[in-house]
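In what follows, a single structure is set out as structure tokens and then discussed.
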2 protein chains.
Amino acid sequence: MIDKLDFLLALARERHFGRAAETCGVTQPTLSAGIKQLEETLGVLLVNRGSRFRSFTPEGERVLDWARRIVGDVRALREDINALRHGLTGRLRIAAIPTALAMVASLTTPFRARHPNVQFTLLSRTSIEVLNALDNLEIDAGITYLDNEPLGRVNAIPLYRERYRLLTSTGSPLGDRTTVTWPEVAQVPLCLLTPDMQNRRIINRLLNRTGAEIRPMLESNSMIVLFSHVRTGKWASVMPAKLAETLGLTQTLRAIPIVDPDEVHTVGLVVPQREPMTPLTAALVAEAQRLAPTLAD
Amino acid sequence: MIDKLDFLLALARERHFGRAAETCGVTQPTLSAGIKQLEETLGVLLVNRGSRFRSFTPEGERVLDWARRIVGDVRALREDINALRHGLTGRLRIAAIPTALAMVASLTTPFRARHPNVQFTLLSRTSIEVLNALDNLEIDAGITYLDNEPLGRVNAIPLYRERYRLLTSTGSPLGDRTTVTWPEVAQVPLCLLTPDMQNRRIINRLLNRTGAEIRPMLESNSMIVLFSHVRTGKWASVMPAKLAETLGLTQTLRAIPIVDPDEVHTVGLVVPQREPMTPLTAALVAEAQRLAPTLAD
DNA sequence: AATGTTTGATTGAATTTTCCTATCGGTGAT
DNA sequence: ATCACCGATAGGAAAATTCAATCAAACATT
């Protein structure tokens, strides 16, 4: 039963029988039969199929809700008992929004000092993807904005507040100012994240208020790309203060506070709402709670 | 996996491999093998066995905690989908403390009017047994004291407050009074519940304060026994006002308020803390919430 | 101390379930 | 019209589950 529910979760992730089967380590007929068996024991159609996967039925969505919880709890049970035997081991899968990627190190490093046998998988994702992945049990924890999208069934631990800086070089336009305003920023050619990123949407909103049209000279879904471009001294970007500091400022590379509407957004750790938490998640939350005060501005 | 966890729950209830197997509808070797397989996949001993069942290991208790939740959720899933298909059907298993048994009818009757296809199983249990049965998924809901024992992981809906009355007949000692005090009650030969019942322990406490020794003339774990004795006109008892009224007073059979310390205890519905609740449980809770105001004194 | 009973583990065979390979039928795209 | 893709189906091999029968140990009774 549990493996069948696992099949269903994989299908929800992949929306494709073949690929879902692959991620489950079984063949496609096996997964098909598993779903079919679920449908038979429950007595309802769960998946609308044409010649391919179309969608879940309302009942399917309902079963998915339970499956997320049940499969999650079974994994938690395994992890829990494992922790009793061998201390904290295993792998923590964490997804973070691009602007938070650099700060993950300040969470993982002290964690590793405390629990040396835990391995990490760190993924860059959009804020929406983070929440979806959390739902689908693809990741154990996420780092994302806490105050924009509705978060769903998660626990959130605030970590820091994002304040925006114009990242540019001395000698460039605005490069020698001590503060700038959003209307001024709107006049500069910028390197920005792609529009599927919430950070970009936030910046869009701020720039739009100035009435100016936004014409980013360069878009990427990777902060490394943006930063390395700015570093050449020929480009400018907007990024959170914490991130700019972490990546490293130089004498010519400056992060200039953007004042006018000094909008801030809280970024924090989100973990599945589960009582009790898995040992790994609990340890990560504890670490985040230790870290948060040191990040306050 | 889920059936194995079910085996473990049955073992926790019965503390006996053979009987646990029977309640699961399998033979004893099957259940033994199931437990053993659980132990192997988790890599820990779950049960301390001598030549017979001794106890659960600490890890076993931990697994039990998860098993309760997981098995409960799987059942909730089944029930949930079933309700989507056929409306509310199935069986609600409710256990109540003896003094509350009579009022269950005022919960089940309007419930049945709304949901005619739901069957009931009603059990008389001590307050401790109610909570245990709730933990072990033997029952779907309980009716018990809310303000004495620690309740554990349950949701509670207060129903009414128990006030105590001396149930006796005109002509008997104290039989013609309008109120009596606990010290006076202590002087009368009484029919009381057995000491494993919390109601009895509450009454014991109240009587003890008077300094008098308690020598109940008759003990039973059934309120019907107590009531039918009092009804002969030759005995007396102490019971909650609601119960006495429900069972029916006559001209000679009187329920006399006991004043001195007018202690009250809240009785309510307790259901497993599960989000979302099973459809049956949710409907029962809704009914309880409708009923509660009408019971207020 | 001897005996009988109770209890859970073990064994071996029959059954059921699960899973894979190979293939089919249908749909949508080129 | 053809091709590529997707999910369902069929059949057979492997694995698992289950049960009846039996065993060994511990406990209770005499």
Side-chain angles (χ1 to χ4, degrees), chain A residues 1-61 63-64 67 70-71 74 77-78 136, chain B residues 1-61 63-64 67 70-71 74 77-78 136:
Chain A
M1 173 106 204
I2 287 167
D3 42 353
K4 313 300 163 58
L5 293 177
D6 221 343
F7 290 173
L8 201 69
L9 287 181
L11 189 57
R13 280 197 298 270
E14 305 289 342
R15 305 180 70 79
H16 184 288
F17 279 70
R19 281 196 293 279
E22 197 174 356
T23 70
C24 290
V26 298
T27 58
Q28 171 262 318
T30 301
L31 187 129
S32 278
I35 301 289
K36 182 176 225 178
Q37 188 188 327
L38 258 189
E39 292 181 322
E40 274 165 11
T41 61
L42 295 176
V44 276
L45 211 65
L46 301 179
V47 180
N48 293 317
R49 311 133 153 111
S51 77
R52 61 195 61 216
F53 177 92
R54 290 222 188 284
S55 62
F56 289 97
T57 63
E59 294 84 2
E61 298 282 358
V63 176
L64 261 177
I70 293 167
V71 172
V74 169
L77 157 61
R78 293 216 163 90
N136 290 329
Chain B
M1 175 106 203
I2 286 169
D3 42 352
K4 314 297 163 58
L5 293 177
D6 221 345
F7 290 172
L8 200 70
L9 287 181
L11 188 57
R13 280 197 297 269
E14 306 289 343
R15 304 182 70 80
H16 185 289
F17 279 69
R19 281 196 293 280
E22 198 174 355
T23 70
C24 291
V26 298
T27 58
Q28 171 263 318
T30 301
L31 187 129
S32 279
I35 302 288
K36 182 178 229 180
Q37 187 187 327
L38 258 189
E39 293 182 322
E40 275 166 10
T41 61
L42 295 176
V44 277
L45 212 65
L46 300 179
V47 180
N48 293 317
R49 309 128 151 119
S51 77
R52 61 192 60 215
F53 177 91
R54 290 222 188 283
S55 62
F56 289 97
T57 63
E59 293 85 2
E61 297 281 358
V63 176
L64 261 177
I70 292 167
V71 172
V74 169
L77 158 61
R78 292 214 164 90
N136 290 329

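Below, read A as the first sequence line, B as the second, and so on, with proteins coming before strands; counting in each chain starts at 1.
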Report yes if some heavy atom in the side chain of B:Met1 is under 4.5 Å from a heavy atom in the side chain of B:Leu38; otherwise report no.
-> yes
Do the non-hydrogen side-chain atoms of B:Phe56 and B:Leu11 ever get within less than 4.5 Å of each other?
->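 Sidechains of B:Leu11 and B:Phe56: in contact.
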Taking [atom1] from [X] and [atom2] from [N], how many angstroms apart are they, rounded to a whole number?
X: B:Leu31; N: D:dT18; atom1: CG; atom2: P; result: 10 Å
X: A:Asp3; N: C:dT17; atom1: CG; atom2: P; result: 14 Å
X: B:Glu14; N: C:dT7; atom1: CD; atom2: P; result: 12 Å
X: A:Lys36; N: D:dG7; atom1: NZ; atom2: C1'; result: 11 Å
X: A:Gln28; N: C:dA22; atom1: CD; atom2: C1'; result: 12 Å
X: B:Ile35; N: D:dT17; atom1: CD1; atom2: P; result: 14 Å
X: B:Met1; N: C:dT18; atom1: CE; atom2: P; result: 16 Å
X: B:Glu40; N: D:dA16; atom1: CD; atom2: P; result: 12 Å

Taking 4.0 Å as the cut-off, does a side-chain nitrogen or oxygen of [X] come that near to OP1 or OP2 on [N]?
X: B:Thr30; N: D:dT18; answer: no
X: A:Arg52; N: C:dG28; answer: no
X: A:Arg19; N: D:dG7; answer: no

How do B:His16 and B:Ala33 order along DNA chain C: which one's closest nucleotide is nearer the 5' end?
->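 Its nucleotide being nearer the 5' end, the pick is B:His16.
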So which one's nearest nucleotide on DNA chain C is more toward 5', B:Ser32 or A:Lys4?
-> B:Ser32
Nearest heavy-atom contact between A:Cys24 and A:Ala10 is SG-CB, 3.4 Å
Classify the nucleic acid contact of A:Arg54 as base, sugar-phosphate or nothing, counting any heavy atom under 4.0 Å across all strands shown.
-> sugar-phosphate
Check: B:Glu39 side chain, B:Val47 main-chain N or O, donor-acceptor pair, under 3.5 Å | yes
